[in-house]
Amino acid sequence: MKFNGFDIYPCGNAVLSINNNILTVSGISDSGLDGVLIKVQNTDNYVVNFGSLQNIAQNNGVLKCTSLTKNAYGQVTPLFETFKWYNQQSDKVIIGFNSNFLPANYNFFGKLNGVSVFDINNSELIVSSDPNFPSPSECPVAVWGVLVAAAGVVATVFGILYTSTTTTTTYHYDANNRLTGKTVTVTEDPIPFEIEVNGNTYTITEYGIKFNEELPSDLIGYPSIESHSIGEQITGVNLSSFEITSIQAI
């Protein structure tokens, strides 16, 4: 099936349907395996626009987005992984990231209409476990990985946001055209809203993670090191369904 010119594939038991130029991904059970895979091969920079994600709070659900890359040998590996889930105690949707796919140093940032509001290094982020995150019996650790909880958005506010996730990767090469590193930025930019980070509340229009990866000198030139975007896999738990309004290469 194609949507906005991109090949899309169902994951697990999910069902894909397109009506009025909106992609609906339904049949999202409690397995953690149901969702959609978007083939984004030949572009390292792309945007996925979502419809309302109010089901996260309504159904106590979880949404996971995984950016996938492939190297010259055809090996596919995750580049980045983000989660959203509902915390009943705070009545907020929590934004988290899989620390397994983040380097030792990265920044969590927020902007208001393009102007920086906060830019916090991970060494300064307050990380705490969320007792309301699905238990291993509901959502196996092998599926979801290790989390860094970064921020929270009031559930009633999050329910009316129509977010878009933008992934951009800039590659750095030496004089011999050998990859030496890359800069990855993953940004979400809904309408203005308030977000809580480290106990402080900010009004922003976008937030995201940015990091640099520099290759060790002895690995420069190896084909297995250079990988490029191949897909975006979006899965959920207990969401019933979610909508994607558009996908764009940028």
Side-chain angles (χ1 to χ4, degrees), residues 11-14 24-36 48-66 80-102 108 110 125-165 186-209 232-245:
C11 298
N13 293 318
T24 299
V25 185
S26 57
I28 310 298
S29 68
D30 61 356
S31 71
L33 303 174
D34 305 323
V36 60
V48 178
N49 293 294
F50 291 90
S52 171
L53 294 175
Q54 60 186 356
N55 282 351
I56 293 176
Q58 289 178 343
N59 298 352
N60 196 23
V62 184
L63 184 74
K64 178 178 75 168
C65 298
T66 306
F80 185 85
E81 201 163 69
T82 182
F83 304 79
K84 299 176 183 69
W85 72 95
Y86 179 57
N87 182 313
Q88 292 177 318
Q89 284 186 326
S90 64
D91 192 31
K92 292 180 179 178
V93 172
I94 306 300
I95 299 158
F97 306 93
N98 190 332
S99 60
N100 285 330
F101 306 128
L102 288 171
F108 181 63
L125 279 176
I126 298 174
V127 179
S128 60
S129 59
D130 178 6
N132 294 290
F133 188 73
S135 66
S137 62
E138 299 172 302
C139 187
V141 174
V143 175
W144 296 104
V146 180
L147 292 173
V148 174
V153 182
V154 175
T156 52
V157 173
F158 191 89
I160 63 173
L161 298 179
Y162 287 77
T163 67
S164 63
T165 299
V186 181
T187 305
E188 303 209 17
D189 53 347
I191 60 176
F193 71 105
E194 290 189 342
I195 190 170
E196 182 181 323
V197 185
N198 283 2
N200 299 312
T201 301
Y202 304 92
T203 299
I204 60 173
T205 48
E206 62 181 285
Y207 64 85
I209 288 275
E232 184 78 12
Q233 183 170 287
I234 305 168
T235 54
V237 173
N238 293 332
L239 291 180
S240 178
S241 66
F242 61 86
E243 294 180 343
I244 294 175
T245 58

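Here the structure is a predicted model, which is why all the values come from computation and not from measurement.
- Using a 4.5 Å heavy-atom cutoff, the side chains of Asp91 and Tyr86 are in contact.
- Asn98 contributes a side-chain N or O that, together with a main-chain N or O of Asn100, makes up a donor-acceptor pair within less than 3.5 Å.
- Here the straight-line distance linking atom NZ of Lys84 with atom CG of Leu63 works out to 6.0 Å at 0.5 Å rounding.
- For the atom pair CD1 (Ile204) and CZ (Phe193), the distance works out to 4.0 Å, reported to the nearest 0.5 Å.
- Residues Ser241 and Ser26 come closest through the heavy atom pair CB-CA, 3.7 Å.
- Summarising the geometry of Val237 relative to Gly32, their closest heavy-atom pair is CG2-CA, 3.6 Å, with the distance given to 0.1 Å.
- A heavy-atom distance below 4.5 Å is found between the side chains of Thr203 and Glu194.
- The CD1 atom of Ile195 sits 12.0 Å away from atom CG of Asn200, with the distance rounded to the nearest 0.5 Å.
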**Item:** Verdict with supporting geometry, Lys92 and Val153, side chain to side chain contact (heavy atoms under 4.5 Å, CB included)
**Value:** CA-CA 5 Å; Lys92 292 180 179 178; Val153 182; 5.9 Å; no
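- Atoms CZ and CD1, from Phe97 and Ile209 in turn, are 4.0 Å apart once rounded to the nearest 0.5 Å.
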**Request:** With side chain to side chain contact (heavy atoms under 4.5 Å, CB included) as the test, would you mind laying out the steps for Ile244 and Val48 before giving the verdict?
**Result:** CA-CA 7 Å; Ile244 294 175; Val48 178; 4.0 Å; yes
**Prompt:** Stepwise, does the side-chain hydrogen bond (donor to acceptor under 3.5 Å, both in side chains) test hold for Thr201 with Glu196?
**Reply:** CA-CA 4 Å; Thr201 301; Glu196 182 181 323; 4.7 Å; no
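- Across Leu239 and Asn55, no two heavy atoms sit closer than the pair O-ND2, 2.9 Å.
- There is no side-chain donor-acceptor pair under 3.5 Å between Asn49 and Thr245.
- Using modelled atom types, no side-chain atom of Asn13 and backbone atom of Asp34 make a donor-acceptor pair closer than 3.5 Å.
- Taking all atoms of both residues into account, the shortest heavy-atom contact from Cys65 to Phe50 is SG-CZ, 4.0 Å.
- Counting heavy atoms from C-beta outward, Asn198 and Leu125 have side chains that approach closer than 4.5 Å.
- If you take OG1 on Thr235 and CD on Glu81, they are separated by 7.5 Å, rounding to the nearest 0.5 Å.
- Taking each heavy atom of Thr82 and Gly96 in turn, the nearest pair found is OG1-O, 3.2 Å.
- Contact of the Ile234 side chain with the Phe242 side chain is registered, since non-hydrogen atoms from C-beta on lie closer than 4.5 Å.
- The CG atom of Asn59 sits 9.5 Å away from the CD atom of Gln54 when rounded to the nearest 0.5 Å.
- Taking the six-membered ring where the residue is Trp, Tyr207 and Phe108 present tilted rings, their angle falling between 30° and 60°.
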